[in-house]
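Data block below; observations after.
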Amino acid sequence: MAEQTQSGMNEMFDLLRHPYRRYVLYHLTHESETVDFGTLAASLANWDAGHPEESRNTSSATVEMQLRHMHLPKLADAGLITFAQESQSIELDGINGHSQFIDQAARIDGYALPAAGE
Amino acid sequence: MTQTHDDEIVHRELNTDREEPAVAIAEVVADLEGKQADELTPTYNCIDGIISELYSNPPSPEAQITVEFTYSGYRITVEQSGAAEFVKVT
């Protein structure tokens, strides 16, 4: 488990800067460590479409493009995920001990799962 | 001496309000090549969010920033205004 360094934190904040990347990381750390690309993209598009803050009018095709070209490569480069092209599946490799930031952001982004018993 | 049109410049206007203009670049190249955008290398591997940065944190208009790079066989020039030029180089 990588220790929490300042540069590690800097990198994590850069990764968390985009809501799509926050959503992907939250999904992988809370829903399932491995997910099919299509499923993740559809889920993300669904959340994005209902997002109250910015009406982006984003189609799921646009979401898929953005994931493929920007967000998944960036997360893979940072060593957080592996995107297997053949099986089209995304797997969590680790979050370097920074799950607290992902969880905090998720509450503000509005998709944090309710705690058990709520 | 015959004039060839191999170095034709294709002009496109990028939507600078768009979430990820780097993706728009891939779409234009895919369109010019008659391919699907997901057949191309992810733009992130080439230009690492530089274009997104240019439009999401735009410098003052006087700066007139121009970004030039090669991606998927095209030499591409992107202006601060959103004007973009694509020249096939392979």
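Residue numbers begin at 1 in each chain, while the letters A, B, ... track the order of the sequences. Worth knowing before you read on, the calculation uses all heavy atoms, side chains too, and leaves out hydrogens, waters and symmetry mates.
Within 6.0 Å of atom CD in B:Q36, 12 or fewer heavy atoms from other residues, nucleotides or ligands are found, so the atom counts as exposed in its surroundings. Within a 6.0 Å radius of CD in A:Q88, more than 12 heavy atoms belonging to other residues, nucleotides or ligands are found.
A single hydrophobic cluster is seen to contain both B:L40 and B:I50, as judged by linkage of ILVMFWY side chains at heavy-atom distances under 4.5 Å, directly or through other members. Residues B:V23 and A:Y20 are members of separate hydrophobic clusters, defined by side-chain heavy-atom contacts under 4.5 angstrom among Ile, Leu, Val, Met, Phe, Trp and Tyr. The same ILVMFWY cluster, assembled from side-chain heavy atoms under 4.5 Å apart, contains both A:L16 and A:W47. Hydrophobic clustering (ILVMFWY, side-chain heavy atoms < 4.5 Å, transitive): A:M65 and B:L14 are in distinct clusters. Hydrophobic clustering (ILVMFWY, side-chain heavy atoms < 4.5 Å, transitive): A:V63 and A:Y26 are in one cluster.
At a heavy-atom cut-off of under 4.5 Å, chain B is reached by A:P73, A:K74, A:D77 from residues 72-81 of chain A, listed in order of number. For residues 59-80 of chain B, the interface with chain A (any heavy-atom pair closer than 4.5 Å) comprises B:Y71, sorted by residue number.
Ranked by non-hydrogen atom pairs under 4.5 Å with chain A, the options B:T41, B:N45, B:T43, B:D38 are led by B:T43.
Heavy atoms closer than 4.5 Å to chain A are found in both the backbone and the side chain of B:A37.
Of the residues A:M70, A:H69, A:H71, the one that meets the side-chain contact (heavy atoms from CB on, under 4.5 Å) test with B:P42 is A:H69.
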